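To keep things clear, I will list the structure first and then write my remarks on it.
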Amino acid sequence: MCGIVGYVGPRDAAPVLLDCLSRLEYRGYDSAGVSVLDGRGVETRKLAGRVAGLRDLLARAPLHAHCGIGHTRWATHGAPTERNAHPHSDCAGTLALVHNGIVENADVLRAQLERTGHRFTTETDTETLAHLIEEARGATLQERVLSALVRVEGTYGLAVISETDPGTVVVARRGSPVLIGVGDGEYVVASDANAVLPLTRSVVYLNDGDIAVIRPEGYRVFDGEAQPQDRSVDDVEWDLETLALGGYPHFMLKEIAEQGHTVQSTLRGRLLPADGTARLNGLNLSPARCARIRRIVIVACGTSWHAGLVGRDVLEQLADVPVSVEYASEYRYRKQLRVPGTLTVAISQSGETADTLEAVRAAKAVGSTVVGIVNVVGSTIAREADGGIYLHAGPEVGVASTKAFTSQLVALLLFGLYLGRARGLSVREGRALAEELARLPDLVTRTLALEPQVRALAEQYADAGNALYLGRGVNFPVALEGALKLKEISYIHAEGYPAAEMKHGPIALIDEHMPVVFVAPRDHVYPKVVSNMQEVKARGGGIIAITSEGNGDLHHVADHQLRVPATSPLVSPILTVLPLQLLAYHIAVLRGCDVDRPRNLAKSVTVE
Ligand code: G6P
């Protein structure tokens with residue numbers, strides 16, 4: 001989704017901005033642009049297409065300045081055209097502005113601004129911001145931005161330059177992240193810490209309502225009342241190497257392959273096998289408070305929502321507490337019930353998903369304590385939650401989430417252990433699970449060795465038009481996740497279903513052209529799933545079974561078997577999902593799809 005960058009410092013701004021923008025490409029976008037402020041005024045280059053195209057454009061028509069802003073746009077208001085690409089300008093062409101988020105009252109503002117003589121040249125909501133700032137009163141750009149934003153409803157992360165304030169970038173945020181990278185005599189602004197890493201690892205995260213002024217001699221942060229604020233400078237913990245392909249053809253494959261390490265990182269220092277529990281320092285929930293929890297509501301979107309569905313089984317079984325799992329986008333607009341003893345758990349890789357963030361705020365508004373299970377350190381959800389568990393999986397670049405999912409499951413299991421032990425789970429049961437978790441990095445690595453088999457299978461099914469993924473119990477969310485991976489990156493229509501529900505509809509679709517993937521490790525529902533396989537086989541469907549090592553009774557029913565190491569049922573989704581990630585990946589590659597940048601998708605959905 002849209003990305004913002006800005007630069008103030010001694011270097012030539014345009015190449016720095018391009019470099020920063022290229023580090024935001026993974027978020028998904030359809031057009032790109034930069035504006036700089038040189039001795040003559042504001043100059044802009046933009047186009048519909050990729051950052052590489054913008055680089056060519058700048059090679060043909062260079063810009064030289066020490067201050068500028070840039071943007072990658074993911075179209076919401078108006079088609080992805082050059083005209084609608086950011087930066088946008090005012091009537092006089094004296095300022096340039098880039099924006100993430102949505103101006104919800106853009107139509108009203110546009111009508112008002114047109115009445116006072118402003119001429120619009122784009123279909124975007126963002127252009128209203130440029131004209132509002134042009135119209136606003138104030139001695140400095142900062143004052144004019146502040147006064148313009150008073151009229152804005154909706155969300156924004158924005159960066160502005162203006163001829164009136166040479167060498168200055170003004171940024172502001174409400175609902176969309178903005179941070180300042182603090183270098184040695186230079187500053188870089190971005191919506192995502194990945195973008196600033198070539199220059200610095202020291203970042204200042206702005207709070208909602210903040211506005212900041214960045215000049216060559218330093219930066220200053222103000223709150224919505226224009227009062228100066230001290231914001232801490234944090235260190236970004238990952239480095240540039242983790243953002244490189246490291247010999248892999250795609251980030252998705254690299255991220256699938258590194259899951260032995262990433263699950264280990266999520267576990268590191270947290271597992272207490274002898275006590276059968278976990279140490280979760282950031283959670284801010286004492287055992288006494290855990291014992292008082294009456295229900296848990298999990299809010300999330302996409303893959304994180306699937307992790308939440310696994311989390312329901314984990315928390316209900318280990319901690320004996322009722323759990324509901326909500327699409328954050330639905331939950332936030334329903335009536336929120338004030339139920340004493342409710343704990344809300346927000347799961348989000350990015351920590352910036354707009355719907356999940358608003359669900360967190362809605363839950364807090366009715367008195368719920370909120371725990372975040374988040375990967376990106378310092379992200380908005382992580383900061384607004386009362387406590388949380390960081391995944392420590394490192395940056396996830398591939399749009400289709402893989403390693404974040406398995407780390408989310410590990411974090412939920414650690415949380416289940418901790419909560420469970422505070423609520424009656426025996427030491428013996430806790431130890432058994434903790435020992436299983438300690439083996440997990442090894443089990444993941446062994447499962448990933450299935451790749452050659454999965455690749456061969458992909459060749460057989462790459463031309464499929466549809467696919468069905470089935471599972472029961474804790475395997476059902478894995479089926480959903482396998483189907484989501486396939487449709488996201490290969491554009492094959494795929495559905496995940498509870499295996500027994502198949503009889504209530506999808507069975508009508510089954511014929512010899514329909515591959516059906518069963519997630520069927522050996523667990524208490526396994527015999528039932530085998531019956532469901534028979535139903536598919538009787539109708540000619542091709543069956544791929546993801547089952548447990550040592551399981552020898554599927555030869556007569558499954559066309560193909562992928563066997564993952566046997567483990568405890570609650571841990572098994574971390575293994576069974578791996579061949580499904582690989583299957584989606586190899587099918588997409590065989591179909592010639594752009595795996596890391598699937599069409600229309602965004603890595604981090606910061607608009608609702
Ligand atoms: C987007 C991504 C998905 C992700 C979802 C939730 O749709 O493409 O991969 O699962 O957002 O993102 P979050 O960062 O909140 O986990």
Side-chain angles (χ1 to χ4, degrees), residues 1-3 24-29 74 76 100 175-177 191-194 251-252 255-256 262 266 298-311 325-332 344-361 370-385 388-391 393-409 411-412 477-478 480-491 496 577 580-581 584-585 588 594-608:
M1 200 145 273
C2 305
L24 297 181
E25 289 194 276
Y26 76 97
R27 297 168 61 93
Y29 71 105
W74 188 84
T76 56
N100 289 357
S176 269
S191 48
D192 178 328
N194 290 337
F251 279 105
M252 182 179 178
E255 288 160 4
I256 291 172
T262 50
T266 311
I298 297 178
V299 291
C301 303
T303 288
S304 298
W305 184 76
H306 295 159
L309 291 178
V310 177
V325 187
E326 304 277 355
Y327 286 114
S329 54
E330 291 294 318
Y331 172 83
R332 61 179 286 200
T344 303
V345 177
I347 307 178
S348 173
Q349 187 284 127
S350 61
E352 301 293 352
T353 300
D355 284 319
T356 311
L357 176 59
E358 288 307 325
V360 164
R361 291 174 177 165
V370 175
V371 161
I373 295 183
V374 170
N375 193 32
V376 179
V377 175
S379 56
T380 311
I381 292 172
R383 288 186 300 138
E384 293 200 9
I389 307 173
Y390 276 126
L391 303 182
E396 190 178 65
V397 176
V399 168
S401 183
T402 53
K403 65 175 181 174
F405 179 72
T406 46
S407 282
Q408 286 165 345
L409 300 189
L412 284 159
V478 178
L480 287 174
E481 178 60 9
L484 179 67
K485 288 293 85 99
L486 188 70
K487 71 183 136 196
E488 276 180 317
I489 58 169
S490 76
Y491 317 137
V577 77
L580 303 185
Q581 296 171 345
Y585 171 79
D594 188 349
V595 172
D596 283 338
R597 290 186 218 132
R599 71 182 179 211
N600 304 339
L601 294 181
K603 181 70 187 156
S604 179
V605 178
T606 48
V607 295
E608 65 171 290

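Numbering of ligands and ligand atoms starts at 1, following listing order. Hydrogens, waters and symmetry mates are skipped; everything else that's a heavy atom, side chains included, is used. On a predicted model such as this, the values are computed, not experimentally measured, just so you know.
A search for salt bridge (charged side-chain N to carboxylate O under 4.0 Å, His left out) contacts involving Arg332 returns Asp355, Glu608, not counting sequence neighbours. For Glu255, there are no salt bridge (charged side-chain N to carboxylate O under 4.0 Å, His left out) partners at least two apart in sequence or on another chain. For Lys403, the salt bridge (charged side-chain N to carboxylate O under 4.0 Å, His left out) test picks out Glu258, with sequence neighbours left out.
For the pair Thr266 (side chain) and Thr262 (backbone), a donor-acceptor distance under 3.5 Å is present.
Note that OG of Ser348 is 9.5 Å distant from CG of Leu391, once rounded to the nearest 0.5 Å.
Ligand 1 lies under 4.0 Å from heavy atoms of Cys301, Gly302, Thr303, Ser304, Ser348, Gln349, Ser350, Thr353, Val399, Ser401, Ala602, Lys603, Val605.
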Would Val299 and Thr344 satisfy side-chain contact (heavy atoms from CB on, under 4.5 Å), going step by step from the backbone distance to the final call? CA-CA 7 Å; Val299 291; Thr344 303; 4.0 Å; yes
